Amino acid sequence: MMTRRLFLLLLLLAVTAELSVTRFSAGAVGVNWGTEASHPLPPSKVVELLKSNGIAKVKLFDADPKVLRALSGSNIGVTVGIPNSIIKSLNASRKVAESWVHDNVTRYFDGGNRVRIEYVAVGDEPFLQSYGNEYRPYVIGAAMNIQNALAKASLGSEVRVVVPSSFDSFLSESGRPSSGHFRADLNKTMIELLSFLTRHHSPFFVTISPFLSFHQNKNISLDFSLFKETAKPRKDGRKTYRNSFDLSYATLVSALSSIGYPDVDIVVSKIGWPTDGAANATSTTAEAFFKGLIGHLEKKTGSVPRPPVETYIENLLDEDKRNVSSGNFERHWGVFTFDGQAKYSFGFNHNSKKLTNAQNVQYLPPKWCVVNDNKDLSNASAKALEACSLSDCTSILPGGSCSGIGWPRNVSYAFNSLYQQSDHKAESCDFGGLGLITTVDPSEEKCRFWVQLDTSHSSSHIPVFFLSWSLLLLFLLS
């Protein structure tokens, strides 16, 4: 009898010990799925990609019907996004909010193949400092109207309203997490937001960006950003921080505590490491970052008092139409390339150590547009600038993976970018007679000349991208 009691006691202690460890483990790891691409991978292929990699949660930036239809019946938890551009109208009218909820949420709860919508995200980082007051005055009103519309549709307890906050919404001038606070211009808004969130049992969505912290703060080392054990730790009183993630996260917790909300659940709505377009933005560095992050979230041995309940990696796929005003790396956040091919090796959870590629992807024919070396190339750089104004040339800019290929191969890269974006139309490889269509792949070991996806729903409108033209011109002429 004593032996049996001793066994049960030891078993109880073991279970209690296990719970004491696992309660500090972070929640699910999901991914952001953006669609700012000239030739997006078909939504059905993306859902297959999510499933094959064991990704159980996805955060969207809008409510594209094609995307939501593809997610129906998948049992993947979905965050539906409201674009910043309609926040003001949602704040101004309850009827507009009710119409939006009906069209983008309620309809996907009907029938057998429903979409498991868990959150509605009001805006995409509407408090970003560079936006000023463009969206801030309207966010809380819009969130309240969406919440009321969900309640009216009997979905108030199933779908929660959140507002993704930017990485620059909180700070600590001293660099010590214990001094963390929200920006002065946001303090009142944050108090209103946190009051709203806690009233409806919704978490606080926020971006944590070790990559941007590394690039903007000379006191943060690469090793510290990549969870390296060799990194020099940072001290704040009795606490020691061994990586950039914990440092930022603890700063956020202090900011929340400073306005009276120390216990609100936190969701890291964006965290990532790009693979191109900036110094140390490489596949090798990104792999090290994500392996460190996932391992850290699972073990939770750091200095953070409580982990995020969910974490969303930025981004699933590269997007060649993203605004690059904040940096050329913006188009290279993807864990996968635009066509669903893994850039490196890591797993989204402890059960998987390797990424699975998208299967049966349909490409345009294997043809490229390059500069014709037999022509007078005195005007080639000017033509390349024209091509880059209509396509993605971020990889050939300084810091890009193709920045070392030299002239005139960088001109060929520019020509090919427009040719692929234009679905191989012959006139898109003219360039005043300087272009030449070839079936010989001009790619190099470290610089891939892409062949675009064959999509029947590509946008015919190609926006002019934000590029540093003077920098590009100097580079093309070098």
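Only a predicted model underlies this, so the values are computations on that prediction, with no experimental measurement involved. The first residue of the sequence shown is numbered 1, and numbering continues consecutively from there.
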- Without swapping roles, check the side chain of Ser93 against the backbone of Val96 for a donor-acceptor pair under 3.5 Å. yes
- Query: Can you tell me if Gln421 uses its side chain to pair, donor with acceptor, with the backbone of Asp392 under 3.5 Å?
  - Reply: no
- For residues Ser221 and Asp223, is any side-chain donor paired with an opposing acceptor at under 3.5 Å? no
- So do the side chains of Val80 and Tyr108 get within less than 4.5 Å of each other, counting heavy atoms only? no
- Task: Kindly determine whether Leu41 and Val46 satisfy side chain to side chain contact (heavy atoms under 4.5 Å, CB included), including the steps that lead there.
- Result: CA-CA 7 Å; Leu41 195 64; Val46 179; 3.9 Å; yes
- Heavy-atom nearest pair, Ala286 first then Thr275, reads CB-CG2, 3.8 Å
- Would you sort out whether Lys45 and Asn360 count as a side chain to side chain contact (heavy atoms under 4.5 Å, CB included), showing the intermediate values? CA-CA 9 Å; Lys45 289 286 182 190; Asn360 303 313; 3.4 Å; yes
- Output the distance between atom CG (Leu194) and atom CD1 (Ile259), rounded to the nearest 0.5 Å. 4.5 Å
- Query: How close do Pro177 and Leu247 get, heavy atom to heavy atom, and via which atoms?
  - Reply: CG-CD1, 3.6 Å
- Between the side chain of Gln420 and the main-chain N/O of Gln452, is any donor-acceptor distance below 3.5 Å? yes
- Item | Closest contact, heavy atoms only, Ile220 versus Phe214 | O-CD1, 3.3 Å
- Message: Check the orientation of Phe227 and His296. Use parallel for under 30°, tilted for 30 to 60°, and perpendicular for over 60°.
- Response: tilted
- Query: Can you find a heavy atom in the side chain of Gln341 that is under 4.5 Å from one in the side chain of Val361?
  - Reply: yes
- Message: Classify the ring geometry of His215 against Phe329: parallel below 30°, tilted from 30° to 60°, perpendicular beyond 60°.
- Response: parallel
- Query: Can you tell me if Thr251 uses its side chain to pair, donor with acceptor, with the backbone of Gly180 under 3.5 Å?
  - Reply: no
- Atom pair NZ/OG of Lys66 and Ser44 - distance to nearest 0.5 Å: 12.0 Å
- Query: Going through the checks in order, is the side chain to side chain contact (heavy atoms under 4.5 Å, CB included) test met by Tyr249 and Asn243?
  - Reply: CA-CA 10 Å; Tyr249 193 89; Asn243 60 76; over 6 Å; no
- Note on the structure: Tested for side-chain hydrogen bond (donor to acceptor under 3.5 Å, both in side chains) against His39, the lone hit among Asp320, Asp454, Asp339, Asp423 is Asp423
- Out of curiosity, Phe167 CZ to Ser213 OG, how far, rounded to the nearest 0.5 Å? 7.5 Å
- Message: I want to know whether Trp273 and Tyr344 have ring centres closer than 6.0 Å.
- Response: no
- Query: Okay, side chain of Ser99, backbone of Lys95: is any donor-acceptor separation there less than 3.5 Å?
  - Reply: no
- Task: List the atom of Pro126, the atom of Val163, and the distance in Å for their closest heavy-atom pair.
- Result: CG-CG1, 4.0 Å
- Query: Just by modelled atom types, is the Gly156 backbone N or O under 3.5 Å from a matching donor or acceptor in the Glu158 side chain?
  - Reply: no
- Message: Using side-chain heavy atoms (C-beta onward) and a distance below 4.5 Å, is Val105 in contact with Trp100?
- Response: yes
- Query: Are any of the side-chain nitrogens in Glu310 or Arg160 under 4.0 Å away from the carboxylate oxygens of its partner?
  - Reply: no
- Which pair of heavy atoms, one from Lys291 and one from Ser345, lies closest together, and at what distance? CE-O, 2.9 Å
- Query: How far does CD of Glu134 sit from CD1 of Ile87, to the nearest 0.5 angstrom?
  - Reply: 9.5 Å
- Query: With respect to Ser169, which candidate in Asp185, Leu128, Leu186 satisfies the side-chain contact (heavy atoms from CB on, under 4.5 Å) definition?
  - Reply: Leu186
- Value for CE (Met190) from CZ (Phe170), rounded to nearest 0.5 Å, stands at 9.5 Å
- Message: If you take the centroid of each ring, where Trp contributes its six-membered ring, are Phe205 and Tyr119 closer together than 6.0 Å?
- Response: yes
- Task: Determine whether the side chains of Thr285 and Asn280 contain a donor N or O and an acceptor N or O closer than 3.5 Å.
- Result: no
- Do Phe289 and Phe211 have side-chain heavy atoms sitting under 4.5 Å apart? no
- Query: With the threshold set at 4.0 Å, does a side-chain nitrogen-carboxylate oxygen contact exist between Arg322 and Asp124?
  - Reply: no
- Query: More than 12 heavy atoms of other residues, nucleotides or ligands under 6.0 Å from CD of Gln362: is that the case?
  - Reply: no
- Query: Is the backbone N or O of Gln129 less than 3.5 Å from a side-chain atom of Asp168, with the two atoms forming a donor-acceptor pair by type?
  - Reply: yes
- Please test Arg116 against Ile76 for side chain to side chain contact (heavy atoms under 4.5 Å, CB included), starting from the C-alpha separation and ending with a verdict. CA-CA 6 Å; Arg116 190 157 68 89; Ile76 293 172; 5.7 Å; no
- Work out which heavy atom in Thr311 is nearest to a heavy atom in Pro308; give both atom names and the distance. OG1-CG, 3.5 Å
- Does a salt bridge link Arg234 with Asp246, judged by any charged N lying under 4.0 Å from a carboxylate O? no
- Item | Beyond-backbone contact of Lys270 with Ser209, side-chain heavy atoms, under 4.5 angstrom | no
- Note on the structure: Between Asp318 and the options Arg448, Arg331, Lys343, the salt bridge (charged side-chain N to carboxylate O under 4.0 Å, His left out) test singles out Lys343
- Query: Name the one of Val67, Thr79, Ile117 that satisfies side-chain contact (heavy atoms from CB on, under 4.5 Å) with Leu60?
  - Reply: Val67
- Message: More than 12 heavy atoms of other residues, nucleotides or ligands under 6.0 Å from CZ of Arg94: yes or no?
- Response: no
- Measure the acute angle between the ring planes of Phe290 and Phe346, then classify it against the limits of 30° and 60° as parallel, tilted or perpendicular. parallel
- Task: Enter the distance from Ser225:OG to Asn217:CG here, rounded to the nearest 0.5 Å.
- Result: 9.0 Å
- Message: Any non-hydrogen side-chain atom of Glu192 less than 4.5 Å from a side-chain atom of Phe196?
- Response: no
- Item | Close side-chain approach of Ile140 to Leu193, heavy-atom, < 4.5 Å | yes
- Item | Check: Tyr419 ring centroid to His424 ring centroid under 6.0 Å | yes
- Message: Test your reading of the model: is there a side-chain donor-acceptor pair from Ser244 to the backbone of Phe224, 3.5 Å cut-off?
- Response: no
- For Gly81, does its backbone N or O pair with a side-chain atom of Asp62 as donor and acceptor, under 3.5 Å? no
- Item | 4.5 Å side-chain heavy-atom contact, Asp276 and Pro274 | no
- Would you check if the side chain of Asn84 reaches a backbone N or O of Gly123 as a donor-acceptor pair within less than 3.5 Å? no
